[in-house]
Number of protein chains: 2
Amino acid sequence: MPEDPSAVDAAQLNAYFALMDVAGLLKHAVEQQLREDGDLSFIQFQLLARLGLGSPTGSERMTDLADGVVYSRSGLTYQVGLLDKAGLVTRAPSPDDDRGVTVTITDAGRERIATVMPGHGEVLKRLLQPLAAVDAETITELLSPVRDHMRAAPPRSAAPRRRR
Amino acid sequence: MPEDPSAVDAAQLNAYFALMDVAGLLKHAVEQQLREDGDLSFIQFQLLARLGLGSPTGSERMTDLADGVVYSRSGLTYQVGLLDKAGLVTRAPSPDDDRGVTVTITDAGRERIATVMPGHGEVLKRLLQPLAAVDAETITELLSPVRDHMRAAPPRSAAPRRRR
DNA sequence: TATTGTTATACTCTATAACTATA
DNA sequence: TATAGTTATAGAGTATAACAATA
């Protein structure tokens, strides 16, 4: 049994597998619900939720959106383009920087979120049933720092360009 | 402020968002590593790991693989086909049931796992850094029941067929 | 009849590189 | 020169339905 000193510790490895499995199963389930109830992909839902629930103004710049979701720029352009075409967001030049594009959720976008949320909640309640309220809080407390750590790390939306 | 009784509780909702964000960022990072170090997709890695590390014989039936990863049958056939073409697994009729196909990892498959594991561990160590060993164990303990619950739930590989 | 797995097909999503425009 | 965003393109992945074969 060779001991590999560069190996990640077993506890983290198990957490990693559990995390990826749960997230994968969960994503699969909610994607189905979002498609059926609101004709939305998971990422479109994330973007709408970020604009509609996370932003006080309902607006954000493309770059900020990209950093939140961690996406290629072109992928984000594509998804926002779909939302735009569906009338769920609008795009306009950023007021302070004419290079930028500010994305704003529309009333229809907010309605769409309201449409899918009940069903979304039901799926979550059903699948996360083993997770008591206290457990859920514990998970959030443990994972939030990880999320912040990863978002602060090098690979952000602009990185692919800088890296050459 | 309308109180929606069908709404999922806030603690679970936050855990859900944290979970999906972390898993998304993590997957993005490891996919890059797996592609660079071993020309593997994440799912191919999951399949190889399940066969090479999770199974005592190195073999599993397609249906069992599908239930583990939760995939469409055709998607699994596609991915296993790629692994087969790359010489990392072999496929043979199941000994007890001639309808079934038993997938077995090859020596080359085991070598491929060994090749990517060090780099994989490094990525995990770097990204999960905020997660102390105790925290990691806590997460595993909290998420494992969720995983089991979700895998036991209706939507399995055969379900789409049964459901009509 | 029901289940296992494959195939054909069509579609969605994603990334890379080249490009335009503004700072 | 560097950054913001779009576009063209090409490739990977996924799901649905129809299919063949076995239980």
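Order of the sequence lines sets the chain letters (A, B, ...), proteins ahead of strands, with each chain counted from 1.
- Atoms CE (A/M62) and P (C/dT22) sit 17 Å apart, rounded to a whole Å.
- Here B/Y78 is tied into one hydrophobic group with B/L82, each link being a pair of ILVMFWY side chains closer than 4.5 Å.
- At distances below 3.5 Å, at least one donor-acceptor pair connects side-chain atoms of B/Q12 with backbone N or O atoms of A/L131.
- Look at CG on B/D84: it is 16 Å from C1' on C/dT7, rounded to the nearest Å.
- Residues satisfying the side-chain contact (heavy atoms from CB on, under 4.5 Å) criterion with A/S41, sequence neighbours excluded, are A/R35, A/I43, A/Q44, A/Q79.
- Atom-to-atom, CZ of B/R99 to C1' of C/dT1 comes out at 11 Å; the value is rounded to the nearest Å.
- B/A108 meets the side-chain contact (heavy atoms from CB on, under 4.5 Å) test with B/L88, B/T106; sequence neighbours excluded.
- The side chain to side chain donor-acceptor pair (under 3.5 Å) contacts involving residues 109-118 of chain A comprise nothing, where partners must be two or more places apart or lie in separate chains.
- Applying the salt bridge (charged side-chain N to carboxylate O under 4.0 Å, His left out) test to every pair with at least one member in residues 86-95 of chain A, sequence neighbours left out, gives these pairs: A/D84-A/R91.
- Taken residue by residue, residues 87-98 of chain B places heavy atoms nearer than 4.0 Å to DNA chain D at B/D97, B/D98.
- With sequence neighbours left out, the side-chain contact (heavy atoms from CB on, under 4.5 Å) criterion links B/P130 to A/P145, A/V146, A/H149.
- Qualifying side-chain contact (heavy atoms from CB on, under 4.5 Å) partners for A/T102, counting only residues two or more places apart in sequence or in other chains: A/S59, A/R61, A/S94, A/P95, A/T104.
- Between the P atom of D/dA15 and the CG atom of A/L34 lies a distance of 15 Å, rounded to the nearest Å.
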Protein N or O to nucleotides 11-13 of chain C N or O, pairs below 3.5 Å:
from: C/dC13; atom 1: OP1; to: A/R35; atom 2: NH2; distance (Å): 3.3

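- What separates CG of A/L76 from P of C/dT16 is a distance of 15 Å, to the nearest Å.
- Within the structure, salt bridge (charged side-chain N to carboxylate O under 4.0 Å, His left out) pairs that include any residue of residues 127-137 of chain B do not occur (at least two apart or interchain).
- A/Q32 has its CD atom 13 Å from the C1' atom of D/dT14, to the nearest Å.
- Taking only side-chain nitrogens and oxygens, A/R73 comes nearer than 4.0 Å to OP1 or OP2 of D/dA4.
- Of the inter-residue distances, the one linking A/N14 atom CG with A/L19 atom CG reads 12.0 Å to the nearest 0.5 angstrom.
- Using a 4.0 Å cut-off, some side-chain N or O of A/H28 falls inside it from OP1 or OP2 of D/dA15.
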Polar atom pairs (N or O), protein with nucleotides 8-10 of chain D, under 3.5 Å:
none

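- Evaluation of the salt bridge (charged side-chain N to carboxylate O under 4.0 Å, His left out) test over residues 14-32 of chain A, restricted to residues two or more places apart or in two chains, returns A/D21-B/R147, A/D21-B/R151.
- In this structure, the CD atom of A/E31 is 16 Å from the P atom of D/dG13, given to the nearest Å.
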